[in-house]
There are 2 protein chains.
Amino acid sequence: MDNRLKVLRAERDWSQAELALRLDVSRQAVNAIETGKHDPSLPLAFRIARLFGMPIEEIFDDGHA
Amino acid sequence: MDNRLKVLRAERDWSQAELALRLDVSRQAVNAIETGKHDPSLPLAFRIARLFGMPIEEIFDDGHA
DNA sequence: GCTATTTGTCAGGTCTTCTTGACACAGTCG
DNA sequence: CGACTGTGTCAAGAAGACCTGACAAATAGC
């Protein structure tokens, strides 16, 4: 699953650790999502979308556009 | 995680098995999501949203309105 | 150069999501 | 009644999402 996490994080000048804190997950979880190793769970996807103030579909892209 | 799957399914007069077919998951997976036993994975949430033609946020509700 | 921060990654473990196969119970229809 | 459909549920297992703790490599700042 493709995502714009790295860009959105860069726009805010946050480290992965800082983002992890705000999302209440481990730094490794953020890294794994950014590098495409995992998809987030749906609840975590909701927290991410809420944090960045945009719909899940604008952050994640499953390719079946 | 709250969701409107049962209602959306009823509007289309689909059985859980029929919906499962369209989503390419097992009937038990659909049942577990409808009855609140599981959250769908993010990829499955995307398939559901696409099938019903609406954003994920209009089908699922994590309570943090 | 040295130090601190950031990122990527590994291992081992836990819990969740999803699978197949099976069974019980309701409701409908001949 | 008997057959069929729809729903709910269980068990056992595979795969994925998360955890902590640790370490190396790249980057930034002094």
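In what follows, chains carry the letters A, B, and so on, assigned in the order in which the sequence lines appear, proteins first and then strands, with residues in each chain numbered from 1. No hydrogens, no waters, no symmetry mates; every other heavy atom, side chains included, goes into these values.
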Q. What nucleic acid atoms does B:Ser41 come within less than 4.0 Å of, heavy atoms only: base, sugar-phosphate, or nothing?
A.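 B:Ser41: backbone/sugar contact only, no base atoms under 4.0 Å.
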
Q. For A:Ala17 and B:Ala29, take the nucleotide of DNA chain C holding the closest heavy atom to each; which residue's nucleotide lies nearer the 5' end?
A.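 Of the two residues, A:Ala17 wins.
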
Q) Counting only non-hydrogen atoms, which of residues 3-15 of chain B are less than 4.0 Å from DNA chain C? A) none

Are the side chains of [Y] and [X] in contact, using a 4.5 Å heavy-atom criterion?
{"X": "B:Arg27", "Y": "B:Leu21", "value": "no"}
{"X": "A:Met1", "Y": "A:Asp61", "value": "no"}
{"X": "B:Ser41", "Y": "A:Leu42", "value": "no"}
{"X": "B:Arg4", "Y": "B:Phe52", "value": "no"}

Integer-rounded Å distance: [N] [atom2] and [X] [atom1]:
{"X": "A:Lys37", "N": "D:dA15", "atom1": "NZ", "atom2": "C1'", "value": "18 Å"}
{"X": "B:Leu19", "N": "D:dG8", "atom1": "CG", "atom2": "P", "value": "13 Å"}
{"X": "B:Leu42", "N": "D:dA15", "atom1": "CG", "atom2": "C1'", "value": "17 Å"}
{"X": "B:His38", "N": "D:dA14", "atom1": "NE2", "atom2": "C1'", "value": "13 Å"}
{"X": "A:Ile48", "N": "D:dA17", "atom1": "CD1", "atom2": "C1'", "value": "12 Å"}
{"X": "B:Leu44", "N": "D:dG16", "atom1": "CG", "atom2": "C1'", "value": "13 Å"}

So, for [X] and [Y], which heavy atoms are closest and what is the spacing to 0.1 Å?
{"X": "A:Asp24", "Y": "A:Arg47", "value": "O-NH2, 3.9 Å"}
{"X": "B:Glu18", "Y": "B:Asp13", "value": "OE1-O, 4.3 Å"}
{"X": "B:Ile59", "Y": "B:Ala49", "value": "CD1-CA, 3.7 Å"}
{"X": "A:Ile56", "Y": "B:Glu57", "value": "N-OE2, 2.8 Å"}
{"X": "A:Asn3", "Y": "A:Ile33", "value": "ND2-O, 3.0 Å"}

**Q.** Test: A:Arg9 and A:Glu34 ion pair at under 4.0 Å
**A.**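 Here A:Arg9 pairs with A:Glu34 in a salt bridge, since their nearest N and O are under 4.0 Å apart.
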
Q: Could you tell me whether A:Arg50 and B:Asp62 have a side-chain N and a carboxylate O separated by less than 4.0 Å?
A: yes

Q: Would you please confirm or rule out a distance under 4.0 Å between OP1 or OP2 of D:dG8 and any side-chain N or O of B:Gln16?
A: yes

**Q.** D:dG8 OP1/OP2 closer than 4.0 Å to side-chain N/O of B:Asn31
**A.** yes

Q: At the 4.0 Å heavy-atom cut-off to chain B, mark where contacts on DNA chain C begin and end, going 5' to 3'.
A: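 On DNA chain C, the outermost contacted nucleotides are C:dT17 to C:dA22.
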
**Q.** Stretch residues 51-58 of chain A: residues that reach within less than 4.0 Å of DNA chain D through a heavy atom
**A.**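 The answer is none.
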
Q) Between B:Pro43 and B:Arg27, which has a closest nucleotide on DNA chain D that is more 5'? A) B:Arg27

